[in-house]
Amino acid sequence: MQIIREVDALRRAVAVLRCAGGKGGGTVALVPTMGALHGGHIALVREARRAADHLVASIFVNPTQFGPNEDFALYPRREAADAETLEREGCAILWAPDAGTMYPDGHATSISVAGVSEGLDGAARPGHFAGVATIVTKLFNQVQPDVALFGEKDYQQLAVIRRLAADLDLGVRIIGVPTQRDLDGLALSSRNFYLSKEERRAARALPRALVEAAQAIRDGGEVAAALAQARETLVAAGFSPIDYVELCDPETLRPMTTLNGPARLLAAAKLGKTRLIDNLAVTS
Ligand code: AMP
């Protein structure tokens, strides 16, 4: 596996992969990450290996998607261990630029996706999705992959990227990968590393609240009542504040007050200093 930090070298290395051929004519998959890899990332990597001949993974802790009071400085950085993991998983290129390469002096362009990025995390974290859309557009332009894989764990991010890729004709097929969970149901996340033992135990209330609310809604219960019950469950477990618990259209993410088709239940809340998010499909 090559570890590359400059755009020109990346372009040359990707061109070599494309020429190297393979059953699909040398197709390339991209898995963008912020590192501190866990089982969720590995699921993306394995799916990527099935989807294309060659895998490029990126690690970049993107400053523009963190708010001023968020955890950019604290975010776990473990590049050496991550590189070993990626190498073992058959990754061809680890694209690991530094901030100066991604945002050279004078960088002034930002991509914003209206609609789907405005509610939920978009409302709770102003500027977050513009940071995500900008960095993902740059990664797509740098690597020019045939497919790119993103986790359903960050469901709104996936919806924003699908919109972005379609609207700007980016020519990249977007694949969403189901959320990977710990045995007690908690979605795997690099931010779980922040949780104390006690918080980690309490955190299981988040998937439980969603499963129970989804079940109540599926069984014909009132949506507002199910969402209120989920909030109560989270508060009782020690979550505060709760940014949102909402039932939304799975594509546009507009709020739904009744279950009249496929829907997604999404939640975000803080446990101590750690902000956790999760979501579930709800089918009628
Ligand atoms: P991150 O490094 O947190 O930016 O995540 C990189 C990619 O991995 C994103 O597409 C995430 O949605 C995805 N991801 C993170 N955690 C999980 C998980 N538990 N299951 C599936 N995908 C995940």
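For ligands, and for the atoms within them, numbers begin at 1 and follow the listed sequence.
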With a cutoff of 4.0 Å, is [X] in contact with ligand 1, counting heavy atoms of the residue only?
X	result
A36	no
R191	no
P32	yes

Heavy-atom distances under 4.0 Å decide this one: backbone, side chain, both or neither, for [X] against ligand 1?
X	result
H41	side chain
L44	side chain
Y155	neither
M34	both

Is the shortest N/O to N/O distance between [X] and ligand 1 below 3.5 Å?
X	value
A187	no
E152	no
D154	yes
F150	no

Problem - R208 with D278: basic N within carboxylate O range, under 4.0 Å - result: no
Exercise for the section: Using a strict cut-off of less than 4.0 Å between a Lys/Arg side-chain nitrogen and an Asp/Glu carboxylate oxygen, indicate whether E79 and R5 qualify as a salt bridge. Expected result: yes
Practice task
With the side chain counted from C-beta on, respond yes when P32 and F150 share a heavy-atom pair under 4.5 Å apart, and no when they do not.
Solution key: yes
Practice task
Look at atom 9 (C) of ligand 1 and find which of Q65, Q157, E47 reaches it with the closest heavy atom.
Solution key: Q157
Practice task
Validate the cation-pi geometry between R163 and F129: distance from NZ or CZ to the six-membered ring centre under 6.0 Å, angle to the ring axis within 45°.
Solution key: no
Handout entry: Test applied, salt bridge (Lys or Arg N to Asp or Glu O under 4.0 Å); reference residue, D182; option that passes from R204, R201, R200
Key = R200
Exercise for the section: Give the intermediate values and the outcome of salt bridge (charged side-chain N to carboxylate O under 4.0 Å, His left out) for residues R191 and D71. Expected result: CA-CA 9 Å; R191 289 194 166 96; D71 56 340; 2.8 Å; yes
Fill in the blank from the handout: Closest to atom 19 (N) of ligand 1 among protein heavy atoms sits L188 O, 2.8 Å
Handout entry: Atoms in ligand 1 with a heavy atom of H38 nearer than 4.0 Å
Key = 15 (C), 16 (N), 17 (C)
